[in-house]
Amino acid sequence: MCGIIGYIGYRNATPILLEGLYRLEYRGYDSAGIAILSDSRIKVVKTAGKIKDLEKLVKEEDMIGSSGIGHTRWATHGSPTDANAHPHLDKTGRFAIVHNGIIENYKELKSELQTEGVHFTSETDTEVIVQLISKYYSGNLEEAVARTLKRLDGSYAIAVLSTEEPRKLVAARLGSPLVLGVGEGEMFLASDVPAILPYTRKVVYVEDREIVVIEESSWWVFDINGNYKTKQIYFVDWDSSMVSRGGYKHYMLKEINEQGSVVRNTLKGRLKENNIDLSELEIEKELIHNIDKIFIVACGTSYHAGLVGKHLFERWAKIPTEVDIASEFRYRDPMISPKSLTIAISQSGETADTLAGLREAKAKGSFSIALANVQGSTITREAHRTLYLKAGPEIGVASTKAFTAQLSALYLLALWFADVRNTISETQKEAIIRELWQLPYHIEACLAFAPQVKELAQKYYHYSNFLYLARGINYPIAMEGALKLKEISYIHAEAYAAGEMKHGPIALIDELMPVLVLVPRDRLYAKVLSNIQEAKARKAKLIAVATEGDDAIKSFATDILYVPEVPEEFYPIVNVIPLQLFAYYVADILGREIDQPRNLAKSVTVE
Ligand code: AGP
């Protein structure tokens, strides 16, 4: 949830660090800073606020140097102030550090250092790290870093520079992402690939408890005990347009509109003729036969995808499935057995709660599959197998294309399990495959209704509270739509199972509480219609998301958004599109920072 960047090479580091920070801004943006090694001293410019505020300050300084580090912050310890912004220096000014993560034992380390006369200039946990490195330095930077790391509890991705060894940067990670970019006569460090993509496509994914040393034309990796490690260099084939906004006003709108092609990408190579091919998972069919229960763990939007997955695994594959919010799962002592399968869903692959839930499940003997988007992310290395979402980099903090990719991946998994376990007929399988291939077209049909959704946003943006209602497999979509509205427009929205309204929440309904209802023509249609009538009787303004061709709804709803008719299990992936667009347009009318909503970060790597 912070972004770090490092550079050493033949160019001036400053513009590279700033550009990299802009590309990492989605990871956190309440303060930022850079440190440059120049004329054998470390120059630091840092400030509360956004990177554009930092850039203004940097221009007023003479920040010229061929190595440096940078940081964009999402505050955890210490409020977002200039003093708490990274980079942090040690007491002698010879060492500078940037850090993404949380040091859980920083208080005891800080008091130990204070008794030794160290004066701290910030409230952060990070400053403890650089003061320890300074204390332990005796001529070799990576050794001082390794000795320091052994004293830390918690998570970190750090980059360190020093006047003592000016042609070197040292980095390390535990629990927070870190990649090394291999250039020609220059090397890069970053929290995520987009930050280094303009300069090199050759990346090395640093793993937990590894330490990296980089110089202009060389790099090496070793573990915390000094043992060298050989690492694979990956070639990243993302094109840079995937990272730019492509002419859209916000990344989020670009990513909403990419969803047709994203779902095609997720399905490609995995649906062949009338068969499903997930051989990439290298899972024996016997293991699938022996699964007696599925546990799904995730957070936020990914959790909502998991709730849809439950319906699919139980309906198609007849496997009992539990879905947990990851931060709850890990403390409830789940009844996991070696015949359990745990599916951890995470776009970033770095969400601390989801990682902890996965570790808990593995410790109890569960086999595990990660549904993840970011290649080389922690979750992909800790789960037994990974089914990649193939959604491309998702920059907007509010997840959209990753969500529809997660749903697509869950359709694939549930269908494959059902096929292996013979719980569906060949005819059913072929019908589902046909429908899966239609999904991108249905999504694009929904996207074509964007102007109508925009009009609706104009009509409703001034309300302060919304209710989102649905039943069955669409209830998780009501939850997702409510989350989207909350997190980017800051308007309160609550999702409820439509059948539950009469047990209390209906007391909320009046003309000031618009009610958005998902009412597809499925087997629960009549039930939802009666819930709509209950709300209408209490003067609610009703926005219905209904199936194309449904005229009956017109006598109940104030406004209607239509989606294509699809088989019942596929309504979640079409219903979510108008809800994403509605949240986007409301937030845009309100002038919100849509790609970087307040208080949020793209990847929550703290518990
Ligand atoms: C999604 O719009 C939110 N920004 C957030 O709930 C997110 O889904 C959650 O933090 C999980 O992230 P992950 O998928 O990267 O694990």
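For ligands, and for the atoms within them, numbers begin at 1 and follow the listed sequence. All values derive from a computational prediction rather than experimental measurement.
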With a 6.0 Å cut-off on the ring centroids, do [X] and [Y] count as close?
X      : Y      : value
Tyr461 : Tyr585 : no
His384 : Phe367 : yes
Phe449 : Tyr562 : no
Tyr468 : Tyr496 : no

What about [X]: any of its N or O atoms under 3.5 Å from an N or O on ligand 1?
X      : result
Thr301 : yes
Val604 : no
Thr354 : no

For [X], the ligand 1 atoms whose distance to one of its heavy atoms is below 4.0 Å:
X      : value
Ala398 : 2 (O)
Ser302 : 8 (O), 13 (P), 14 (O)
Ser399 : 1 (C), 2 (O)
Glu487 : 1 (C), 2 (O), 3 (C), 4 (N)

Which residue and heavy atom of the protein sit nearest [atom], plus the separation:
atom                    : answer
atom 11 (C) of ligand 1 : Cys299 O, 3.5 Å
atom 4 (N) of ligand 1  : Val397 O, 3.0 Å
atom 13 (P) of ligand 1 : Thr351 OG1, 3.3 Å
atom 6 (O) of ligand 1  : Gly300 CA, 3.2 Å

Self-check item: Gap between atom OG of Ser366 and atom CG of Leu341 - 0.5 Å precision
Solution: 6.0 Å

Quiz item: Measuring from the heavy atoms of Lys484, does anything fall under 4.0 Å of ligand 1?
Solution: yes

Quiz item: Does a side-chain N-to-carboxylate-O contact under 4.0 Å join Lys254 and Glu394?
Solution: no

Quiz item: Do Glu382 and Lys362 meet the salt-bridge criterion of a basic N to acidic O distance under 4.0 Å?
Solution: no

Quiz item: Gln580 and side-chain hydrogen bond (donor to acceptor under 3.5 Å, both in side chains): which partner among Lys401, Glu480, Glu255, Gln259?
Solution: Gln259

